[in-house]
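Notes follow once the structure below has been shown.
Small disclaimer: the values here were computed from a predicted structure and weren't measured. Side-chain atoms are counted along with the backbone in the values below, which use heavy atoms only and exclude waters and symmetry mates. Positions are given from 1, in the same order as the sequence printed here.
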Amino acid sequence: YVYDTNKKRIIYRKKGGKEYRFINSESGIKKVSNSGKFRQTYSLNYLNVFRLVKICKKIEGRFGCPQDIEWGIVKGKIYIVQSRPITHIR
């Protein structure tokens with residue numbers, strides 16, 4: 001996804017060819033092969049994109065510069081793993 005902060009909308013999105021995914025199980029994280037229907041789907045829904053935008057804008061505001069933010073979603077809850085300044089933008 002590419003989100004335009006000036007226009008406040010998604011300007012580009014692309015489906016990826018996801019051969020596998022990671023799932024949570026009682027024995028820990030498992031890598032499983034994706035079936036056909038999961039291979040060509042979007043990784044995020046619109047609600048989560050907009051939730052992430054809101055969180056990331058707060059983080060960038062706090063640190064005062066663009067951030068490389070790692071995150072994950074578990075059972076609908078967004079977790080921020082880490083954030084660091086972006087040192088090179090093309």
Side-chain angles (χ1 to χ4, degrees):
Y1 289 85
V2 176
Y3 182 84
D4 185 320
T5 55
N6 294 320
K7 295 179 181 177
K8 298 183 179 174
R9 65 183 180 97
I10 296 166
I11 58 172
Y12 177 78
R13 69 182 186 154
K14 179 182 176 184
K15 292 180 184 178
K18 296 171 280 301
E19 293 181 36
Y20 58 87
R21 61 192 160 123
F22 294 93
I23 60 169
N24 215 3
S25 70
E26 289 185 17
S27 60
I29 304 296
K30 286 186 176 180
K31 181 179 175 179
V32 296
S33 293
N34 275 332
S35 65
K37 75 175 189 172
F38 286 110
R39 284 184 184 235
Q40 290 297 319
T41 60
Y42 293 107
S43 297
L44 295 170
N45 61 37
Y46 284 118
L47 175 62
N48 284 333
V49 170
F50 292 115
R51 289 172 61 208
L52 278 165
V53 166
K54 186 176 178 180
I55 291 167
C56 293
K57 286 174 79 174
K58 283 183 183 180
I59 292 169
E60 287 187 351
R62 173 80 170 126
F63 290 105
C65 63
Q67 297 286 301
D68 176 9
I69 302 169
E70 295 183 19
W71 51 270
I73 300 175
V74 178
K75 295 183 180 178
K77 183 170 170 71
I78 297 173
Y79 293 90
I80 301 301
V81 179
Q82 71 175 352
S83 177
R84 59 185 169 270
I86 293 176
T87 56
H88 179 74
I89 300 175
R90 291 188 229 180

Checklist line | Steps toward side chain to side chain contact (heavy atoms under 4.5 Å, CB included) verdict (Asn24, Ile29) | finding: CA-CA 5 Å; Asn24 215 3; Ile29 304 296; 3.4 Å; yes
Residue Lys18 excluded, over 12 heavy atoms near NZ under 6.0 Å:
yes
In Å, rounded to the nearest 0.5 Å, how long is the span from [atom1] of [X] to [atom2] of [Y]?
X     : Y     : atom1 : atom2 : value
Cys65 : Arg84 : SG    : CZ    : 12.5 Å
Asn48 : Ser43 : CG    : OG    : 11.0 Å
Leu52 : Ile69 : CG    : CD1   : 9.0 Å
Ile10 : Leu44 : CD1   : CG    : 9.0 Å
Phe50 : Lys8  : CZ    : NZ    : 12.0 Å

Shortest non-hydrogen pair, Ser83 vs Gln67, comes out as OG-OE1, 2.6 Å
query = With under 30° as parallel and over 60° as perpendicular, where do the rings of Tyr1 and Tyr42 fit, or are they tilted in between?
reply = tilted
- Over 60° means perpendicular and under 30° means parallel, so classify the ring planes of Phe22 and Tyr20, tilted if in between. perpendicular
Check for a donor-acceptor pair, side chain of Glu70 on one end and backbone N or O of Gln82 on the other, with a separation under 3.5 Å.
-> no
Axial cation check for Tyr79 ring with Lys77, 6.0 Å and 45° limits: yes
Salt bridge (Lys or Arg N to Asp or Glu O under 4.0 Å) filter on Arg62, not counting sequence neighbours, yields none
Subject >> Heavy-atom side-chain contact between Glu60 and Pro66 under 4.5 Å >> reply: yes
Taken in chain and number order and not counting sequence neighbours, the residues that satisfy side chain to side chain contact (heavy atoms under 4.5 Å, CB included) with Ile55 are Ile59, Ile78, Ile80
- Task: Report the C-alpha separation of Thr41 and Asn34 in whole Å, then their side-chain angles, then the decisive distance to 0.1 Å, and conclude whether the side chain to side chain contact (heavy atoms under 4.5 Å, CB included) test is met.
- Result: CA-CA 11 Å; Thr41 60; Asn34 275 332; over 6 Å; no
Do Ile86 and Val53 share a hydrophobic cluster (ILVMFWY, side-chain heavy atoms under 4.5 Å, transitive)? no
